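These numbers were taken from a predicted model, which means no experiment stands behind them. Order of the sequence lines fixes the chain letters, A, B, ..., with proteins taken first and strands second; residue numbering starts at 1 for each chain.
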Number of protein chains: 2
Amino acid sequence: MTKPTLFENITEVSEDVRNFFISKLEEIHAEKGYKLETAGEVSKYLYYISEGSARSFYIRDNRDITASFSLEGEFVTAMHSFITRSPSYETIETLEKSLLYRISYTDLQECFKKFPDLERVYRMILEKYYIALEEQMIFSKFKSARERYLELMEKKPKIIQRASVGHIASFLDMTIETLSRVRAKI
Amino acid sequence: MTKPTLFENITEVSEDVRNFFISKLEEIHAEKGYKLETAGEVSKYLYYISEGSARSFYIRDNRDITASFSLEGEFVTAMHSFITRSPSYETIETLEKSLLYRISYTDLQECFKKFPDLERVYRMILEKYYIALEEQMIFSKFKSARERYLELMEKKPKIIQRASVGHIASFLDMTIETLSRVRAKI
DNA sequence: AACTAGCCTTGACAAAAGTCAAAATGTCAG
DNA sequence: CTGACATTTTGACTTTTGTCAAGGCTAGTT
């Protein structure tokens, strides 16, 4: 997979703009557990996952709570921190050996100034982010522990393989014991 | 309150751009219960609430579930539908007599083409939307019924006055009975 | 193979919130 | 003001999920 893959979903950008943007990208070969962003620091980069997967989580009352999982072809960053330029409360790490492309906040702003077209691209990333969050919100609001697990299995089966029971349980907002019982009765 | 109030939070737009944008705005005087967007239809407008308040909800298993409350100074639309141009699953209605300004999807797109600066403005609206949703998500994830109610009281006390118990309960993801008990023990 | 550490599962019990039903209160037209 | 209807509160009981504790499984090490 090469850099241009990143643009597959993103349309209507001229060659020049594309090349300028690509010139700002940094390629990252990350091992499992590599920290993309760290809680307490201002999020520096917007990442594109070319291969692999990542997990965003934060610590609350000494517990590790998974906020989201990201797969190949998705963008990921500590969006709240990236937007507000305030310290992130989440940490993002790879779940496996991954190939990432990242652009720094400042370079991205420079891109926007130079090529307003890219503002549209970023807008679309934001929109996707928003929709994903909204869907997760609704999905978590009306379903029982069991239904939430079944839905994750259907929508992101790769996560079930890749993440630990603890990660999945906190993402689905239940204890590992409840998850274990749900799995036992499928 | 006049149209320019809308721009209070939104900076760095020239007079020309501002005027063009304002020329596309439509003023709406809405009575209580006026439907801004309707489930099943593609969301046509982005609204700005100048005075009043609104509630977004959807129907699931014959139940009316409140997704969000919006107050004066906020933008509101069925964002998912507005973004994807697919039918909305939510309906948005005013909670009281309200003064709104709205711009249609097509006019907004035209604005973006003509004045890329406005793309930035829209991006900022989207960012606010996103952050609000994220905060709501985290807030609902770790709190008990009681804590969720206390937090709503603190953050949007106006809602407690304006909305019915049923609306508030579904928003806080609890039954009206539970909400009633929570309120009894404050 | 035996030992260990970490992770996962299972069981017994507790807590939180939901359900159903009835009583109390509020609202409003006539 | 009164009756009718809708909304809210309260009570008894059920269901779901959480907590704590014990036991089992697996991979890596000696």
Side-chain angles (χ1 to χ4, degrees), chain A residues 31-33 53 55 57-67 69 93-97 136-153 157-186, chain B residues 31-33 53 55 57-67 69 93-97 136-153 157-186:
Chain A
E31 290 305 312
K32 175 175 175 171
S53 53
R55 178 178 85 98
F57 66 97
Y58 38 98
I59 305 297
R60 183 131 180 169
D61 306 331
N62 278 324
R63 287 180 155 190
D64 167 324
I65 314 267
T66 300
F69 292 111
E93 63 177 22
T94 52
L95 277 175
E96 61 192 303
K97 196 177 175 194
Q136 198 189 328
M137 181 98 194
I138 292 168
F139 135 84
S140 66
K141 205 162 183 167
F142 306 106
K143 308 220 165 174
S144 64
R146 178 153 210 280
E147 289 169 317
R148 296 201 295 283
Y149 179 72
L150 291 174
E151 186 150 334
L152 177 65
M153 254 183 91
K158 190 185 169 187
I159 294 303
I160 310 279
Q161 267 90 55
R162 205 80 18 130
S164 75
V165 173
H167 296 161
I168 297 170
S170 69
F171 175 68
L172 295 176
D173 200 11
M174 64 183 82
T175 59
I176 51 174
E177 290 93 335
T178 298
L179 177 55
S180 185
R181 285 177 185 119
V182 161
R183 293 177 108 156
K185 280 182 224 143
I186 285 180
Chain B
E31 290 305 312
K32 176 177 174 169
S53 53
R55 178 178 83 99
F57 65 97
Y58 36 100
I59 305 297
R60 182 129 179 172
D61 306 332
N62 277 322
R63 287 180 155 192
D64 168 324
I65 313 267
T66 300
F69 293 111
E93 63 177 23
T94 54
L95 277 176
E96 61 193 303
K97 196 177 176 195
Q136 198 189 329
M137 182 99 193
I138 291 169
F139 135 83
S140 66
K141 205 160 184 168
F142 306 104
K143 308 221 167 176
S144 65
R146 180 152 208 279
E147 291 170 317
R148 296 201 296 280
Y149 178 72
L150 291 175
E151 186 151 335
L152 178 65
M153 254 183 92
K158 191 184 168 188
I159 294 304
I160 310 280
Q161 269 89 55
R162 206 82 16 130
S164 75
V165 174
H167 295 162
I168 297 170
S170 70
F171 175 67
L172 294 176
D173 199 12
M174 65 182 82
T175 60
I176 51 174
E177 291 94 334
T178 298
L179 177 54
S180 185
R181 286 177 185 121
V182 161
R183 292 176 108 154
K185 278 182 227 144
I186 286 183

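- We find that CD1 of B/Ile176 is positioned 8 Å from C1' of D/dT7, with the value rounded to whole Å.
- For B/Asp64 and B/Arg55, the salt-bridge test passes: some basic side-chain N is under 4.0 Å from an acidic carboxylate O.
- Each of B/Leu179 and A/Met174 has a nearest nucleotide on DNA chain D; the 5'-most of these lies closest to B/Leu179.
- In this model, the phosphate group of C/dA16 is not approached by any side-chain N or O of B/Ser144 to a distance below 4.0 Å at OP1 or OP2.
- Of the candidates A/Gln136, A/Arg146, A/Lys143, A/Glu151 forms a side-chain hydrogen bond (donor to acceptor under 3.5 Å, both in side chains) with just one, namely A/Lys143.
- Candidate nucleotides C/dT9, D/dT9, D/dT19 were compared by shortest atom distance to the side chain of A/Arg181, and D/dT19 ranks first.
- D/dT17 atom C1' lies 14 Å from atom CD of A/Glu147, rounded to whole Å.
- B/Arg63 comes within 4.0 angstrom of sugar-phosphate atoms only, judged by non-hydrogen atoms across all strands, and of no base.
- Of the candidates D/dT10, C/dT9, C/dC8, the closest approach to any side-chain atom of B/Ser180 belongs to D/dT10.
- Side-chain to base pairing of A/Glu177 with C/dC8: no donor and acceptor N or O lie closer than 3.5 Å to each other.
- The side chain of A/Thr175 lies closest to D/dG18 when the candidates are D/dG18, C/dC8, D/dT10.
- For the pair B/Arg183 CZ and D/dT10 P, the interatomic distance rounds to 12 Å; values are reported in whole Å.
- Taking only side-chain nitrogens and oxygens, A/Thr178 never comes nearer than 4.0 Å to OP1 or OP2 of D/dT17.
- Looking at heavy atoms from C-beta onward, A/Ser53 lies in side-chain contact with A/Lys158 at the 4.5 angstrom threshold.
- Between B/Phe171 and the choices B/Phe57, B/Phe69, B/Tyr58, the ring pair (Phe, Tyr, Trp, His ring centres under 6.0 Å) rule is met once, by B/Phe69.
- Between the P atom of C/dG18 and the CZ atom of B/Arg146 lies a distance of 16 Å, rounded to the nearest Å.
- Regarding A/Lys141, its NZ atom lies at a distance of 16 Å from the C1' atom of C/dA17, rounded to whole Å.
- Nucleotide C/dC8 holds its C1' atom 13 Å from the OH atom of A/Tyr149, rounded to whole Å.
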